[in-house]
Amino acid sequence: MLEGKFESASLMKRLVEAIKDSVKLCNFNCSQTKGITLQAIDDSRVLLISLKLDPGCFEGFRCDKNLVLGLDLESLSKVLKQGNNEDYLTLIAEDAPDNLLVVFEDPKKDRISEFSLKLMDIDSDVLSIEDMDHDCSITLPSSDFAKVARDMRTLSESLQILVTKDSVKFMASGPIGTGSVIIKAHTDLKDGKESIKIDLNKSVNVTFGAKYLNDIVKASTLAETVTIKLTNKIPALFEFKLQGGYLRYYLAPKFDE
Amino acid sequence: GGTQGRLDGFFKVS
């Protein structure tokens, strides 16, 4: 039996909102030691999502037997919207489940809402991602990155990122003209989360589809900072750290023809 | 804007 209780429903609500536009059907793997993990690839096989929710992400977590919960994220989103952000959220499944029970409890009032969601058999292949060495790593406020990705998409369907020792340059060029945003490394002593950190082994020049970047920045509601790891010509890693876990996106770059 | 690469070229199915 699986029983995972979150201190507030908002984490799960934000997670599903962050990924449901990229992938529709997902297998949630549950185990006592690893908590809940998920790997899913979008239909175009350009963007991969990897989620880890350690048992420590939960207020209470037990999983007697390893389980795979095949869920339609559109349906899960509908159910999660029934609960308030501050509600306790508990996910419950039997050992050979046909359904996932989603329970919301209002912390102040005596109200309990219960939903049963049908599970599905989802055939999906899993890609093995080894730890990669990257040429550079950038950590910046996730809202700053979200703004650049959203703004620059209005100019072009591609976003070029150039990283040098102390700055990151985002460039877009499209039918109406061109644009660039340069951000420089700096340390904010008052609020460390506002700092911009660049670790560089080698300068990088990569281009990504603006559509995918706009899907990725939907996760900026989950973490105040995002870490972007880039290497020329190989997939980039975008990581949003969670309390006791992470949401990672791997994105294949675009190539010059 | 270039050709979009796919992840399959980089990661193997396990």
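Sequence lines set the chain letters: A, B, ... in the order given, protein chains first and strands last, and positions in each chain run from 1.
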Above 12 or not: heavy atoms from other molecules or residues under 6.0 Å from CD of A/Gln32? yes
More than 12 heavy atoms of other groups within 6.0 Å of A/Lys218 NZ: yes
Is it true that, when you exclude A/Lys229 itself, more than 12 heavy atoms of the residues, nucleotides or ligands shown sit nearer than 6.0 Å to its NZ? no
I want to check something: taking the side chain as every heavy atom from C-beta on, are A/Leu127 and B/Val13 in contact at a cut-off of under 4.5 Å? yes
Within a strict 4.5 Å, meaning less than it, do heavy atoms of the B/Arg6 and A/Val46 side chains meet? yes
Search all heavy atoms of A/Ala252 against all heavy atoms of B/Gly5 and return the closest pair with its distance. CB-O, 3.3 Å
To the closest 0.5 Å, what do you measure between CD1 (A/Ile234) and CZ (B/Phe11)? 7.0 Å
Around atom NZ of A/Lys211, are there more than 12 heavy atoms of other residues, nucleotides or ligands at under 6.0 Å? yes
Could you tell me whether the side chain of B/Gln4 and the main chain of A/Ser44 form a donor-acceptor pair under 3.5 Å? no
Side chain proximity check, B/Leu7 to A/Arg45, heavy atoms < 4.5 angstrom: no
Do you know which of A/Asp125, A/Leu47, A/Val126, A/Leu251 has the most heavy-atom pairs with chain B at a distance under 4.5 angstrom? A/Val126
For the CG atom on A/Asp64, are there more than 12 heavy atoms of other groups (residues, nucleotides or ligands in this structure) within a distance under 6.0 Å? yes
Go through A/Tyr250 and B/Phe10 one step at a time and tell me if the ring pair (Phe, Tyr, Trp, His ring centres under 6.0 Å) criterion holds. CA-CA 11 Å; A/Tyr250 294 85; B/Phe10 300 97; over 10 Å; no
